[in-house]
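Reviewing the structure listed below.
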There are 2 protein chains.
Amino acid sequence: MPSPTTDSDGTRPATGKRRAPLNRASVVAAGRRVARDEGLSAVTLRRVAAELGVTAMALYRHVGDKRELLVAMLDDVAEHLVIPDREGTPSDRLVLAFRALHDHLTAEPWVTEVLKAGELFGPRASRFVEHVLALLEEAGLGDERAADAYWALWWYTFGHLSYLPALRPEGRPARAELMTRVPATDHPRLARMLARPPRQAAAEDAFVPGLRALLRGLLTD
Amino acid sequence: MPSPTTDSDGTRPATGKRRAPLNRASVVAAGRRVARDEGLSAVTLRRVAAELGVTAMALYRHVGDKRELLVAMLDDVAEHLVIPDREGTPSDRLVLAFRALHDHLTAEPWVTEVLKAGELFGPRASRFVEHVLALLEEAGLGDERAADAYWALWWYTFGHLSYLPALRPEGRPARAELMTRVPATDHPRLARMLARPPRQAAAEDAFVPGLRALLRGLLTD
DNA sequence: ACCTGAACACCGTTCAAGT
DNA sequence: ACCTGAACACCGTTCAAGT
């Protein structure tokens with residue numbers, strides 16, 4: 001390996017063969033790239049390292065362990081969330097915010113697979129939480145009820161996000177197989193529900209009505 | 001524990017050294033035992049096999065692969081759910097049902113870790129889904145709205161279940177560390193929320209009010 | 001028919017060693 | 001200071017072989 005140049009810690013591209021120096025951001029970016037292009041299961045330390053032209057053990061200088069890498073990848077996603085807002089009722093603005101959150105976390109499928117409801121989100125997206133709490137306050141909720149409402153909204157949103165992978169092409173056979181196993185005579189309503197087309201779009205369309213219903217219930221009492 | 005049915009092949013206890021013959025149920029039971037006693041991470045094919053006094057490869061005759069074992073373990077839990085009911089409004093009876101579901105899935109911590117919102121639950125607990133759909137119908141909802149409402153309720157419930165592991169002792173340090181990183185001046189409401197004690201009991205108490213709010217929103221419109 | 005032994009192709013992680 | 005090579009202790013899974 002060539003490396004005789006004695007530069008201090010310059011970020012220069014250097015001449016030809018020298019690799020850019022590793023840092024946390026580049027490791028996280030490489031992890032996201034592998035996850036996006038090859039799926040979450042491809043995100044191994046060896047694979048991410050290869051992506052950077054480096055050996056797996058080199059990553060340990062920058063991330064601690066694999067779990068920390070995944071958390072950092074998630075934080076990276078959360079940081080780039082843009083929270084839309086406009087004139088309107090607090091309820092409408094809350095719908096707007098949670099739709100944006102939902103769509104943002106859905107943009108890269110691997111996100112919904114790493115996401116753990118408590119551990120990885122919530123407080124990490126500080127701006128988002130603060131925004132939501134402010135709107136709930138504006139809607140007339142006190143500290144305690146606002147906090148409960150925030151969690152209810154997040155649990156609902158998280159639940160829906162977790163449901164989406166099952167609708168992806170890989171999950172379809174499992175669902176089809178389930179349908180054949182449900183005894184229609186014993187469970188007529190369930191049979192009717194499963195008979196309805198479980199299109200991805202339908203599930204996404206179902207998110208907002210449920211969100212509105214939840215808000216209706218949370219804000220009126 | 002299956003009753004001593006006189007089956008075709010030799011199910012005799014045999015004399016002394018002969019191990020009871022393996023079957024799917026015993027493999028699933030062994031998996032649940034290991035998960036309950038040593039946590040989900042201990043559920044490896046080698047460990048489960050050892051629990052049965054057998055080698056890992058012997059399991060493949062009964063479960064296909066590891067994912068199938070986990071699904072079977074979950075189905076086993078779902079099957080033993082008792083759905084309580086009593087006189088009352090559909091709303092009250094729905095709260096009763098979802099509380100029971102919530103408590104049942106919470107009884108063994110590993111369950112919330114394997115649970116995938118779409119893939120593993122929902123239709124598998126046929127009795128439960130049918131019961132809920134019937135109550136929603138009784139409350140005046142048509143097929144389509146009842147199905148949407150069922151999913152909304154399940155997403156909310158699932159989200160809360162997924163949140164609980166973070167409250168377990170192992171997850172606490174992470175939360176404490178988050179608190180110190182949140183800038184109180186920029187996010188005063190978030191800081192107040194995090195300052196409140198995140199006791200496990202509090203989170204469980206928060207489940208029912210949110211559930212009621214969601215139902216309020218779903219049933220009135 | 002049911003189970004075993006040995007092997008394969010991976011993991012995350014460690015540690016001493018290189019430069 | 002930063003990275004590598006080699007090794008460790010695991011995984012899930014396969015396959016031919018035993019009984």
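Just so it is clear: chains get the letters A, B, ... in the order the sequence lines come, proteins before strands, and each one is counted from 1.
Other residues, nucleotides and ligands place more than 12 heavy atoms under 6.0 Å from the CD atom of B:Glu38.
No close placement of the B:Tyr163 and A:Phe158 rings is indicated, their centers lying 6.0 Å or farther apart. Aromatic pair B:Phe207/B:Tyr156: centroids less than 6.0 angstrom apart.
Formation of a donor-acceptor pair under 3.5 Å by the A:Lys116 side chain with backbone atoms of B:Pro165 is not found in this model. In this structure a side-chain-to-backbone donor-acceptor pair under 3.5 Å is missing from A:Glu51 to A:Arg33.
With sequence neighbours excluded, the residues satisfying side chain to side chain contact (heavy atoms under 4.5 Å, CB included) with B:Asp186 are B:Pro183. A:Glu108 pairs by the salt bridge (Lys or Arg N to Asp or Glu O under 4.0 Å) definition with A:Arg32, not counting sequence neighbours.
Remark: DNA chain D takes part in the stems C:4-8 with D:12-16, C:12-16 with D:4-8, each of 3 or more antiparallel Watson-Crick or G-U pairs, criterion distances under 3.5 Å.
Between B:Leu52 and B:Ser26 the shortest heavy-atom distance is CD2-O, 3.8 Å.
Listed in residue order, the members of residues 26-43 of chain B having a heavy atom less than 4.0 Å from DNA chain C come to none. Taking a 4.0 Å limit (strictly below) on heavy-atom distances, residues 46-64 of chain B reaches DNA chain D at B:Arg46, B:Met57, B:Tyr60.
Atoms OH and CG, on A:Tyr150 and A:Leu136 in that order, are 10.5 Å from each other to the nearest 0.5 Å.
Along DNA chain D, read 5' to 3', the first and last nucleotides having any atom under 4.0 Å from a heavy atom of chain A are D:dC2 to D:dA7.
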- Would you check, one step at a time, whether the test side-chain contact (heavy atoms from CB on, under 4.5 Å) holds for B:Met193 with A:Val129? CA-CA 10 Å; B:Met193 183 170 110; A:Val129 184; 4.1 Å; yes

- List the steps and the verdict of salt bridge (charged side-chain N to carboxylate O under 4.0 Å, His left out) for B:Arg24 and B:Glu68. CA-CA 11 Å; B:Arg24 193 171 222 264; B:Glu68 194 182 308; 2.5 Å; yes

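Ring-plane geometry between B:His160 and A:Trp155 is classed as perpendicular, the angle between the planes exceeding 60 degrees on a 0 to 90 degree scale with a lower cut at 30.
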